[in-house]
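One structure below.
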Amino acid sequence: MPLQLSAREVDMFIGFLDDGFCTCEMITDSDGRPVDYRFLKMNPQFEEMTGLYGAKGRTALEMVPNLEPFWIETYGRIALNGESRRFQQGSLAMGRYFDVYAAPIEPHGRFAIQFRDITETKRIEAEREAALTEAQQLLAELNHRVMNSLGTISSIISMESRARAEGEGREALGRIRARVQAVASLYRRLNASGSIDTVCSRDYLDKIVEGLSESIGSDSVLLEPRIAPMKLSTRIAVPLGLIVNELVTNSLKYAFAPGGTGKVVVALEELPDGKLQLTVEDDGCGLGADRRSDSGIGQQLVHAFATQLGTTPVIESGPGGTTVTLRFDD
């Protein structure tokens, strides 16, 4: 519904505004189509925010001959159809960007415009967007180089492992290679998502579990990921991925008899209190007197990475298998 403002009320309204303000009347052709509009009244901020001086009584196209049709068409709908509208729009002809609220007023064909020059704000936003795009491109390049370097390291370790005879040395190299690949997986996921500081938990951890499954080269032990999809910060993702790598490797090494069958479940979920819970559970023979967890570098790494997450692993083991649980804040 048009604003019912008298000339005196408009003058009073103008005086209270810090924004630019003006009233106008629409000019139409013989068919009633809007072709221009005339400025009737304005406040001092009008001239400051538009750069248009002495506009009273003159038309928009007289003041700005190259004014974009958008302005006349938009104000025409407002003045003639009784619409009110809030919008942001730039004008190349005026070299400015405006935040505008326009509404019809009496008599029919007239309208009021309240606006603010947001050119500087838009410039800052554009510069920020350009800087973000550049940062993302640099990150992608950095991730690409890191992945190449990690790939080279992994290949060297693999070559060294193949050159060695069977035994602890070869197994140790295999574990080192898996750790390198776990870190490489994070960079691949970051690069794929285009994110600077977060990664999808399911994409990331599923890939690590998939890599470990391929390394087994056997169908006797099933690796089952149950990862709830959520965004993980890289601060969390790096130690979490390495913990998964160590715990799954530990289960594969000690939980099952040679040639035996079984399952290892890797689960990540968000608890009702907002904490995250990682569980690595196997249905192996448990940690009896004749068995042990990896008390070497693997176990030390798990505790070190858990400390980064602000938590401590909880181990429950029996004849039906072993479960390692970590609860931590995102």
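The figures here come from the full heavy-atom set of this structure, side chains too, leaving out hydrogens, waters and symmetry mates. None of these values were measured; they are calculated from a predicted model.
At least one side-chain heavy atom of I113 sits less than 4.5 Å from a side-chain heavy atom of C24. Within the 4.5 Å cutoff, the side chain of M94 has heavy atoms near those of the L67 side chain. Contact check for L309 versus I236: side-chain heavy atoms found under the 4.5 Å cut-off. The shortest side-chain heavy-atom distance between F115 and T50 falls under the 4.5 Å cut-off. Inter-residue side-chain proximity for L240 and L205 is flagged as met; some heavy-atom pair is nearer than 4.5 Å.
Ring-centre distance between F87 and F70: below the 6.0 Å cut-off.
The distance from atom CD of E120 to atom OH of Y97, rounded to the nearest 0.5 Å, is 15.0 Å. Here the straight-line distance linking atom CZ of R33 with atom CD of E73 works out to 11.5 Å at 0.5 Å rounding. Between atom CD1 of residue I118 and atom CD of residue Q88 there is a gap of 3.5 Å, rounded to the nearest 0.5 Å. Taken from CD in E246 to CG in L301, the straight-line distance is 5.0 Å, to the nearest 0.5 Å. Rounded to the nearest 0.5 Å, atoms CG (L252) and CG (L223) are 5.5 Å apart. Taken to the nearest 0.5 Å, the OG atom of S317 stands 11.0 Å off from the CD atom of E281.
Partner of V302 under the side-chain contact (heavy atoms from CB on, under 4.5 Å) criterion, chosen from V280, L247, V324: L247. Screening R116, K122, R86 for a salt bridge (charged side-chain N to carboxylate O under 4.0 Å, His left out) with D99, the sole residue that qualifies is R86.
Judged by distance alone, the side chain of D36 and the main-chain N or O of I27 form no donor-acceptor pair under 3.5 Å. Under a 3.5 Å cut-off, the side chain of R96 and the backbone N or O of T119 do not form any donor-acceptor pair. At distances below 3.5 Å, at least one donor-acceptor pair connects side-chain atoms of Y204 with backbone N or O atoms of A237. In this structure, S201 contributes its side chain and A228 its backbone to a donor-acceptor pair below 3.5 Å. Put simply, the side chain of N43 gets close to the backbone of D19: a donor and an acceptor are under 3.5 Å apart. Remark: the backbone N or O of T322 is paired with a side-chain donor or acceptor of D282 at under 3.5 angstrom. At least one donor-acceptor pair under 3.5 Å links the side chain of E62 to the backbone N or O of T59.
Ring pair F39/Y37 is perpendicular by interplanar angle, where above 60° counts as perpendicular and below 30° as parallel.
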Pair K275-E270, side-chain contact (heavy atoms from CB on, under 4.5 Å): steps then yes or no: CA-CA 6 Å; K275 287 184 177 294; E270 184 174 0; over 6 Å; no
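Donor-acceptor pairing under 3.5 Å is recorded for the side chains of S91 and E68.
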